[in-house]
Amino acid sequence: MPESIYDHNQIELKWEERWKNDPDLYRANNPTAKKYYVVEMFPYPSGRLHMGHVRNYSIGDALARYMWMRGYNVKHPIGWDAFGLPAENAAIKRNMHPRDWTVSNIAEMKRQMHRMGFAYDWNSEVATCEPEYYKWNQWFFLKMYERGLAYRKKAMVNWCPECATVLANEQVVDGCCWRHETTPVEQRALEQWFWKITAYADELLRDIDDKLQSGWPERVLSMQRNWIGRSEGSEVDFKVESTGEAIRVFTTRVDTIYGATCVILAPEHPIAQKLLDDAGRAKAKQLIDARKQQGPGDLIKDGAFTGAYAINPYSGEKVPIWIGNFVLMDYGTGAIMAVPAHDERDFDFATTFGLEIRPVIRALPYGVNVKKEYRASSGPDPERLIVPTLETPSKAAMTDDGITEKSGEFSGLPSEEARRKMNQFAEEKGFGKAAITFRIKDWGISRQRYWGTPIPMIHCQKCGVVPVPEKDLPVELPYNVKFTGKGRSPLAEVPEFMNVKCPTCGADAQRESDTMDTFVDSSWYFYRYCDPKNNALPFDSAAANQWFPIDQYIGGVTHAILHLIYSRFFTKVMRDLGMITNAEPAANLFTQGMVLGSDGSAMSKSKGNVVDPEDMVGKYGADTCRLFVLFANAPEKDMPWIESSVGGPRRFLERVWRFVTRNIDRQPETPNPEADRKALRKLHQTIRKVTEDFDNRWHFNTSIAALMELINELYDHEAGLSRAALDQILPDLALLLAPFTPFIAEDLWEQLGRTGPVFRQPWPKWDDALAQEDTLEIPVQVNGKLRTRIAVPLGTSQADLEKIAQADPKVQPFIEGKTVAKVIVVPDKLVNIVVK
RNA sequence: GGCGGAGUGGCGGAAUUGGCAGACGCAGCAGACUCAAAAUCUGCCGUACUUCACUGUGCGUGUGGGUUCAAGUCCCACCUCCGCCACCA
């Protein structure tokens with residue numbers, strides 16, 4: 001009888017067809033043991049799955065299926081964030097309306113998700129481009145506006161001359177447009193809407209350490225800390241000598257203020273503009289323009305003396321006021337004090353312009369019994385040892401903390417203590433205080449594009465900016481829009497949309513023509529999953545509180561400082577609106593690694609190194625494809641794409657298929673208890689291994705390796721297996737494969753005469769007694785070097801192990817004529833004989 | 001420059017709590033089957049030396065030190081790569 005062939009196409013298409021007709025297949029229904037899994041899904045701009053998506057979803061899918069089998073009620077929904085600039089650009093390119101393009105895009109994505117056998121709850125599906133969804137973006141906008149968290153101001157925005165359009169900050173890569181990598185982005189001033197994420201900066205930072213620490217990867221937390229960029233320091237007023245006007249500077253090193261030899265203002269600084277003469281203002285303009293063109297990396301220090309002086313409030317000393325191109329107007333106060341002896345940048349500036357370099361901090365040598373951060377050097381290397389000194393630095397600034405000197409009444413203090421005392425002093429005298437500065441800026445959400453949520457605001461000649469009344473939501477996007485791709489908001493060209501009556505006075509007025517950043521949509525989509533059809537509210541609070549926070553969020557690290565900060569911000573706003581009780585969206589975050597192309601960089605269309613999952617599925621099958629992306633390495637690591645390795649997982653599935661199908665009805669002629677015992681032992685060891693991997697660390701590559709070992713062992717003992725053993729092994733094999741390869745697992749399950757979706761079956765249990773090896777190979781070392789292995793029964797006593805090991809003929813030559821000083825015995829693990 | 005992560009065979013990687021380094025797979029080599037090939041099955045597969053003996057010894061997890069009976073794993077210093085931030089005061 002010929003062996004049955006593993007024909008993936010036949011199997012997978014059969015099950016795809018059956019699953020497609022069951023919208024409730026993956027619906028959660030047990031309200032007690034619940035888990036909420038969300039796999040981040042951003043399918044634009046290509047409208048097709050790529051290998052990154054496949055890997056991402058294979059991970060989430062394996063976890064959800066395992067949790068189902070463990071009896072949990074898993075909510076595992078899906079959303080479509082097909083909005084935004086990429087959708088609009090793709091649609092323009094295809095000469096389609098974005099909305100039509102997106103509808104076909106989503107349909108295609110769904111088809112591919114089905115084809116890959118991914119499980120999700122269709123009943124919770126959300127598409128952010130639908131008015132039913134984006135209505136609530138507008139609702140949130142109004143709530144933000146009411147609470148003073150939304151405001152409008154003129155600001156500099158990024159402009160790509162090639163695209164002729166505005167770009168979001170996140171779409172600027174190394175100063176260039178993300179779509180035109182050699183075209184530098186220009187700055188233009190435009191009226192923009194902002195959301196006040198800075199109001200939550202402190203809490204966003206605090207909760208990183210409080211609430212997220214254990215459940216989020218350190219990599220992401222560190223990026224968010226960087227991004228928020230909290231700086232503790234001081235604000236100090238230097239008064240302009242001639243006018244008495246205060247120049248407020250921000251510094252983290254107020255302990256060095258007696259070494260300040262000038263004050264430097266950003267060229268844009270209003271006080272600088274007042275102090276400068278015409279020539280000086282021209283110079284300032286030149287500095288500003290030069291900075292716009294040059295990348296910040298290669299900026300050469302430049303500046304000019306204003307001709308005015310300011311008074312150091314601590315020392316009473318008179319110092320010159322300069323402008324400098326390296327001082328930024330939009331960080332801190334736009335003004336600094338320069339301490340060339342103790343700051344690299346100030347040192348450069350001072351050497352360029354011949355300013356005084358005056359040391360006021362004595363460095364501490366390594367080895368002094370002070371906190372590490374006070375030391376001048378952290379290593380024992382004598383070359384690097386900095387001798388305590390107050391010499392004027394000639395090559396570089398001494399930027400470490402130390403002991404203050406020549407600092408009036410604050411001399412002789414460790415830097416930290418000096419900062420504390422000096423802050424206190426400034427506050428008492430009223431010329432300064434301790435201050436905290438954040439790097440994070442308010443979130444500019446205006447986009448001059450068509451394909452986004454219209455901002456629900458109306459501009460009235462008489463009343464100014466007026467919000468659209470809540471009852472008039474949603475403000476829908478008009479359909480009859482002409483696309484020029486020229487960067488003016490297309491909405492502004494549609495009179496039916498733009499012309500409206502003022503809700504306050506009834507006069508003719510104009511709608512806001514900007515739309516919202518699409519990161520608004522993705523900031524809260526996972527809340528809508530709980531209640532996707534709600535017409536009265538974004539979602540029902542009770543439903544959200546039942547599921548939130550998300551037990552497990554799975555996504556790429558690329559969104560660490562964008563989506564993952566925005567959604568944390570949104571969660572806090574919603575909590576303050578009384579909509580939810582959780583302060584953080586997700587208790588646990590898992591960031592899967594990227595799939596890397598042959599050149600080692602991330603797979604992307606522009607690099608031409610993409611692999612189409614459709615091709616892979618056609619050639620090897622969806623199961624093989626999924627197994628391959630999970631088997632390559634641990635899922636949090638980047639996966640190098642080496643297609644020649646696909647054969648391994650494919651061969652493995654063929655071996656599984658052959659083993660199960662040819663043993664379904666086989667009546668063994670020569671059953672052998674020894675074969676049964678060995679096979680069952682391996683089975684139970686494998687169940688244990690796979691279960692522990694799922695429970696503890698999600699290293700699916702080692703789980704799959706264990707399954708491969710199992711099938712290898714089963715082949716070795718196949719002839720001797722009894723019917724009873726086979727009846728235990730075959731179904732368990734199907735169950736163990738179910739999280740990774742749902743099609744083949746489901747089909748084998750059916751062939752074994754069982755019914756019901758395989759992922760609804762209980763996960764197999766292992767028996768420690770059956771998994772236990774009866775003899776152990778214990779390594780014997782002499783002085784830590786492996787000399788032999790001895791076979792002993794499990795649980796052999798320490799004394800016996802010691803005796804057997806020393807008597808071993810392979811060990812003898814190494815201990816002969818020497819004194820055995822000590823014998824280390826780790827029962828059931830190892831023996832180490834120490835000789836002299 | 002600051003912060004975070006990583007460095008193990010020809011390749012992807014394993015070693016979960018300090019306890020046999022290289023599981024599992026790819027590629028490669030040899031053999032069986034075959035007219036032949038594919039597929040399948042079996043064996044070998046870090047490195048140097050050694051042996052008639054599939055025997056044995058040494059070396060080996062980026063580098064240099066250290067702790068320990070024992071280190072890929074812990075400590076100190078350094079090198080390299082990746083990511084994020086960056087004239088952020």
Side-chain angles (χ1 to χ4, degrees), chain A residues 3 217-231 233-234 249-254 256 264 291 296-301 324-328 330-339 342-346 348-349 378-381 384 399 437-439 557-558 560-561 594 600 628 631-634 636-649 651-652 654-655 658 689 692-693 696-697 699 701-710 712 715 777-789 810 813 821-826 829-835:
Chain A
E3 245 175 344
E218 186 51 42
R219 186 164 54 142
V220 172
L221 299 181
S222 144
M223 281 187 207
Q224 293 210 351
R225 279 188 207 104
N226 267 342
W227 187 259
I228 296 167
R230 180 187 149 103
S231 245
S234 322
V249 305
F250 176 75
T251 176
T252 54
R253 291 299 302 275
V254 72
T256 65
I264 309 176
R291 187 162 60 194
D298 39 53
L299 191 69
I300 297 156
K301 293 228 169 19
N325 60 346
F326 68 102
V327 180
L328 306 173
D330 59 359
Y331 182 79
T333 59
I336 63 161
M337 63 174 196
V339 186
H342 302 296
D343 182 280
E344 295 291 352
R345 295 150 302 185
D346 300 346
D348 280 357
F349 194 79
S378 54
D381 183 352
R384 290 170 53 89
T399 59
T437 295
F438 290 95
R439 204 194 72 89
V557 76
T558 41
I561 49 175
M594 286 181 299
F628 175 54
F631 178 61
N633 60 4
E636 71 270 18
K637 293 187 181 150
D638 287 347
M639 174 197 173
W641 185 262
I642 304 166
E643 191 164 333
S644 59
S645 304
V646 187
R651 271 192 285 274
F652 165 68
E654 283 168 5
R655 277 159 74 77
R658 283 202 303 271
K689 167 77 181 153
E692 282 173 357
D693 276 352
N696 302 328
R697 50 177 214 167
H699 281 199
N701 51 333
T702 59
S703 304
I704 294 164
L707 288 163
M708 287 173 168
E709 283 185 58
L710 172 63
N712 290 347
Y715 266 62
E777 287 248 298
I778 305 261
V780 178
Q781 301 176 334
V782 177
N783 286 349
K785 285 197 171 151
L786 179 71
R787 293 306 171 190
T788 190
R789 299 187 177 85
K810 294 238 176 81
K822 197 162 32 158
V823 180
I824 313 271
V825 179
V826 186
K829 266 273 166 69
L830 148 147
V831 178
N832 188 11
I833 302 165
V834 186
V835 298

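Heavy-atom basis, side chains included; hydrogens, waters and symmetry copies ignored. Within every chain, numbering begins at 1; the chains are lettered A, B, ... in the order of the sequence lines, protein sequences first and strands thereafter.
Across all strands, A:D330 comes closer than 4.0 Å to no nucleic acid atom at all (heavy-atom distances). Within 4.0 Å (heavy atoms only), A:E777 reaches at least one base atom of the nucleic acid. Within 4.0 Å (heavy atoms only), A:F631 reaches at least one base atom of the nucleic acid. When heavy atoms are screened at a 4.0 angstrom cut-off, A:E344 is found touching no nucleic acid atom at all.
Heavy-atom distances to RNA chain B give each of A:I778 and A:V327 a nearest nucleotide, and the one nearer the 5′ end belongs to A:I778. Remark on RNA chain B: of its neighbouring residues A:I642 and A:M223, the 5'-side contact belongs to A:I642, judged by nearest-heavy-atom nucleotide.
Atom pair A:D638:CG and B:G4:P shows a separation of 20 Å (rounding to whole Å applied). Spacing between atom CZ of A:R787 and atom C1' of B:C69 amounts to 14 Å, rounded to whole angstrom units. In this structure, the CD1 atom of A:I704 is 12 Å from the P atom of B:G25, given to the nearest Å. Rounded to whole Å, the distance from NE2 on A:H699 to C1' on B:G25 is 17 Å. Taking atom CG on A:N226 and atom C1' on B:A86, their separation rounds to 9 Å, with Å as the unit. Taking atom CG on A:D693 and atom C1' on B:A23, their separation rounds to 13 Å, with Å as the unit. Across the protein-nucleic acid pair, A:F326 atom CZ and B:A86 atom C1' stand 15 Å apart, rounded to whole Å. A:K785 has its NZ atom 9 Å from the P atom of B:G60, to the nearest Å.
Comparing the same atom, P, in B:G46 and in B:G64 gives a spacing of 23 Å after rounding to whole Å. Rounded to whole Å, the separation between the P atoms of B:G65 and B:U16 comes to 27 Å. Taking atom C1' in both B:A27 and B:C52, one finds a spacing of 34 Å when rounded to whole Å. When the C1' atom is compared between B:U63 and B:G12, the two are found 25 Å apart, to the nearest whole Å. Nucleotides B:G4 and B:U8 place their C1' atoms 22 Å apart, quoted to the nearest Å. Here, B:C82 and B:G28 have their C1' atoms 31 Å apart, quoted to the whole Å. B:G60 and B:C20 are spaced 15 Å apart, taking the C1' atom of each and rounding to whole Å. With both ends at atom C1', the span from B:G22 to B:C44 equals 16 Å, rounded to whole Å.
Taking the side chain of A:S222 as heavy atoms from C-beta on, and the options B:A15, B:G58, B:C3, the nearest nucleotide is B:C3. If you check B:G12, B:G25, B:A86 against the side chain of A:R439, the one that comes closest is B:A86. Which of B:C20, B:U16, B:C3 sits closest to the side chain of A:R789 comes down to B:C20. Among the nucleotides B:C24, B:G19, B:C85, the one closest to any side-chain atom of A:L830 is B:G19. Looking at the side chain of A:L786, the nearest of the listed nucleotides B:C84, B:C26, B:A21 is B:A21. Listed nucleotides: B:G4, B:G12, B:C69. Nearest to the side chain of A:V834: B:C69. Nearest to the side-chain atoms of A:D343 among the listed nucleotides B:A89, B:C59, B:G12 stands B:A89. Of all nucleotides listed (B:A89, B:U57, B:G12), B:A89 comes nearest to the side chain of A:L328. Closest contact between the side chain of A:R658 and the listed nucleotides B:A21, B:U40, B:C87 involves B:U40. In this structure, the nucleotide among B:U16, B:C84, B:G58 sitting nearest to the side chain of A:I561 is B:C84.
Put simply, A:Y331 has a side-chain N or O that comes within less than 4.0 Å of OP1 or OP2 on B:A89. For A:T702, no side-chain nitrogen or oxygen approaches OP1 or OP2 of B:A23 to under 4.0 Å. The side chain of A:K829 contributes no N or O atom lying less than 4.0 Å from OP1 or OP2 of B:G19. Not one side-chain nitrogen or oxygen of A:N633 sits closer than 4.0 Å to the OP1 or OP2 atom of B:A14. Side-chain nitrogen and oxygen atoms of A:R651 include at least one within less than 4.0 Å of the OP1 or OP2 phosphate oxygen of B:C26. One finds no side-chain N or O of A:R230 lying less than 4.0 angstrom from the OP1 or OP2 phosphate oxygen of B:C3. Not one side-chain nitrogen or oxygen of A:R225 sits closer than 4.0 Å to the OP1 or OP2 atom of B:G4. The shortest distance between the side-chain N/O atoms of A:K637 and the OP1/OP2 oxygens of B:A14 is below 4.0 Å. Dashed line: the shortest gap from a side-chain N or O of A:R655 to OP1 or OP2 of B:C41 is under 4.0 Å. The phosphate of B:A14 (OP1 or OP2) has a side-chain N or O of A:N701 nearer than 4.0 angstrom.
The closest side-chain heavy-atom distance from A:V834 to A:N783 is below 4.5 Å. Considering only heavy atoms from C-beta on, A:L221 comes within 4.5 Å of A:E218 through its side chain. Side-chain atoms of A:N701 and A:H699, non-hydrogen and from C-beta on, do get closer than 4.5 Å to each other. Side-chain atoms of A:M639 and A:N633, non-hydrogen and from C-beta on, do get closer than 4.5 Å to each other. For the pair A:V339 and A:T251, the minimum side-chain heavy-atom distance is 4.5 Å or more. For the pair A:I824 and A:Q781, the minimum side-chain heavy-atom distance is 4.5 Å or more.
For A:N783 and B:C69, a side-chain-to-base donor-acceptor distance below 3.5 Å is absent, hydrogens and geometry of angles not being considered. Counting atom types as modelled, A:K301 pairs a side-chain N or O with a base atom of B:C87 as donor and acceptor under 3.5 Å. Put simply, the side chain of A:N832 and the base of B:C69 share a donor and an acceptor less than 3.5 Å apart.
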>> Set out, in order, the CA-CA distance, both residues' side-chain angles and the distance that settles side-chain hydrogen bond (donor to acceptor under 3.5 Å, both in side chains) for A:N226 and A:R439, then state yes or no.
In response: CA-CA 8 Å; A:N226 267 342; A:R439 204 194 72 89; over 6 Å; no
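Proximity of a side-chain donor or acceptor of A:D343 to a complementary backbone N or O of A:A338 within less than 3.5 Å is not detected. A donor-acceptor pair under 3.5 Å is formed between the side chain of A:D638 and the backbone N or O of A:M594.
A:R697 and A:E636 are not joined by a salt bridge, as no carboxylate oxygen comes within less than 4.0 angstrom of a charged side-chain nitrogen.
Anti is the glycosidic conformation of B:G65, whose angle departs from 0 by more than 90°.
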> If you write RNA chain B from 5' to 3' in dot-bracket form, with Watson-Crick or G-U pairs under 3.5 Å, [ ] for crossing pairs and | for pairs with another strand, what do you get?
Replying inline: (((((((..(((......[....))).(((((.......))))).((((......))))..(((((..]....))))))))))))....
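In this structure, A:F326 and A:F349 have tilted ring planes: the angle between them lies in the 30° to 60° band.
The shortest non-hydrogen separation linking A:I778 to A:K829 is CD1-N, 3.7 Å.
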